[in-house]
Peer 1: 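The structure under discussion is supplied below as structure tokens; questions concerning it will follow.
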Protein chains: 2
Amino acid sequence: MSNVFKAISDNTRREILRLLREEPLSAGEISKHFPVSKPTMSAHFSVLREAGLVATHKQGKMVIYQINMSVLEDALLGFSGAIGLGLRSNTQNKGNKNAKS
Amino acid sequence: MSNVFKAISDNTRREILRLLREEPLSAGEISKHFPVSKPTMSAHFSVLREAGLVATHKQGKMVIYQINMSVLEDALLGFSGAIGLGLRSNTQNKGNKNAKS
DNA sequence: ACAACATTTAGATGATTAGCTAATTGTCTA
DNA sequence: TAGACAATTAGCTAATCATCTAAATGTTGT
């Protein structure tokens with residue numbers, strides 16, 4: 001819960017999530033988009049994974065990262081609600097949480 | 001923009017915003033709700049103010065803090081959009097950004 | 001089994017952060 | 001103007017964080 005907000009407080013991690021919105025990507029593919037070392041990227045992946053914002057599976061020697069929309073949605077909606085900012089989920093996305101657009 | 005996410009990454013600051021959702025409050029009144037020192041609270045206020053999430057005005061010897069919904073809404077909606085999570089603002093709140101409910 | 005590749009772990013460093021106490025600034029009101 | 005009250009600034013500390021290089025782990029193909 002609180003970890004979600006910590007996770008998205010870093011711009012690199014928000015950008016990782018933005019990339020993952022398009023499609024699942026391997027650690028290496030994601031890393032190509034950022035001017036930081038692989039180990040640093042790996043640490044960012046850990047933070048995202050521990051917050052539940054991404055899930056992984058192995059595919060050969062690669063680790064594929066996939067965004068978990070519902071965790072993000074729950075956190076944002078929960079906070080938005082607690083604070084009286086009436087954000088609503090787009091019903092178009094219901095049951096299609098990884099929709100491209 | 002990025003400062004908004006840093007600001008709401010801390011639980012105490014999210015709680016401050018939650019309190020402010022009800023009504024504008026003085027620094028002292030807000031501080032009563034938290035088990036930390038006044039100077040620490042003052043530092044939290046600074047972070048929120050610099051992120052544009054709260055506005056202040058003086059009233060006698062007190063400093064009144066008021067939440068700025070639109071900054072929060074813009075950040076959350078912007079991020080939600082960039083990431084393909086289709087959150088929408090509650091149209092009921094349009095032009096009434098500090099509505100209680 | 002070995003070499004090449006993908007990723008993570010280990011270990012270190014400098015920067016930022018949340019917290020504290022003490023001191024300062026500003027604003028009444030008696 | 002002196003005292004009381006509200007809030008912030010100054011200065012410190014311990015913890016967390018983002019980053020790096022080097023080393024380790026795991027996987028595939030020859």
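Here is how names work: the chains are called A, B, and so on, in the same order as the sequence lines, proteins then strands, and each is numbered from 1.
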Peer 1: Could you pull out the closest heavy-atom pair between Leu85(A) and Met69(B), with the gap in Å?
Peer 2: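 So the two residues come closest at N-CE, 4.1 Å.
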Peer 1: Name all residues meeting the side-chain contact (heavy atoms from CB on, under 4.5 Å) criterion together with Thr40(A); count only those two or more places apart in sequence or in a different chain, and write none if there are none.
Peer 2: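 Thr40(A): side-chain contact (heavy atoms from CB on, under 4.5 Å) contacts with Val36(A), Ser37(A), His44(A).
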Peer 1: Taking only side-chain nitrogens and oxygens of Lys58(A), does any of them come within less than 4.0 Å of OP1 or OP2 of dT27(D)?
Peer 2: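 Indeed, a polar side-chain atom of Lys58(A) lies that close.
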Peer 1: If you round to the nearest 0.5 Å, how far is CD1 of Ile83(B) from CD1 of Ile67(A)?
Peer 2: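 Between atom CD1 of Ile67(A) and atom CD1 of Ile83(B) there are 4.0 Å.
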Peer 1: His57(B) NE2 to dA6(D) C1': how many Å, rounded?
Peer 2: 14 Å
Peer 1: What is the minimum heavy-atom distance between Val71(B) and Gly52(B), and which atoms define it?
Peer 2: CG2-O, 3.4 Å
Peer 1: Tell me, please, which residues at least two apart from Glu15(B) pass salt bridge (Lys or Arg N to Asp or Glu O under 4.0 Å).
Peer 2: Arg18(B)
Peer 1: As an exercise, state the distance from OG of Ser80(B) to CG of Leu87(A), rounded to the nearest 0.5 Å.
Peer 2: 7.5 Å
Peer 1: Does any pair with a residue in residues 49-60 of chain B pass side-chain hydrogen bond (donor to acceptor under 3.5 Å, both in side chains), and if so which ones, sequence neighbours excluded?
Peer 2: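 Counting only pairs at least two positions apart or across chains, the side-chain hydrogen bond (donor to acceptor under 3.5 Å, both in side chains) contacts touching residues 49-60 of chain B are Arg49(B)-Tyr65(B).
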Peer 1: When the axes are fitted on five pairs at both termini, how much does the helix from dA1(C)-dT30(D) to dA30(C)-dT1(D) curve, in 10° steps?
Peer 2: 20°
Peer 1: Would you give a per-nucleotide map of nucleotides 7-20 of chain D, 5' to 3', where B means the base has a protein non-hydrogen atom under 4.0 Å away, S means only the sugar-phosphate does, and - means neither?
Peer 2: SBB--------SBB
Peer 1: Looking at residues at least two apart in the chain, or sitting in another chain, which of them share a side-chain hydrogen bond (donor to acceptor under 3.5 Å, both in side chains) with Glu29(B)?
Peer 2: Ser26(B)
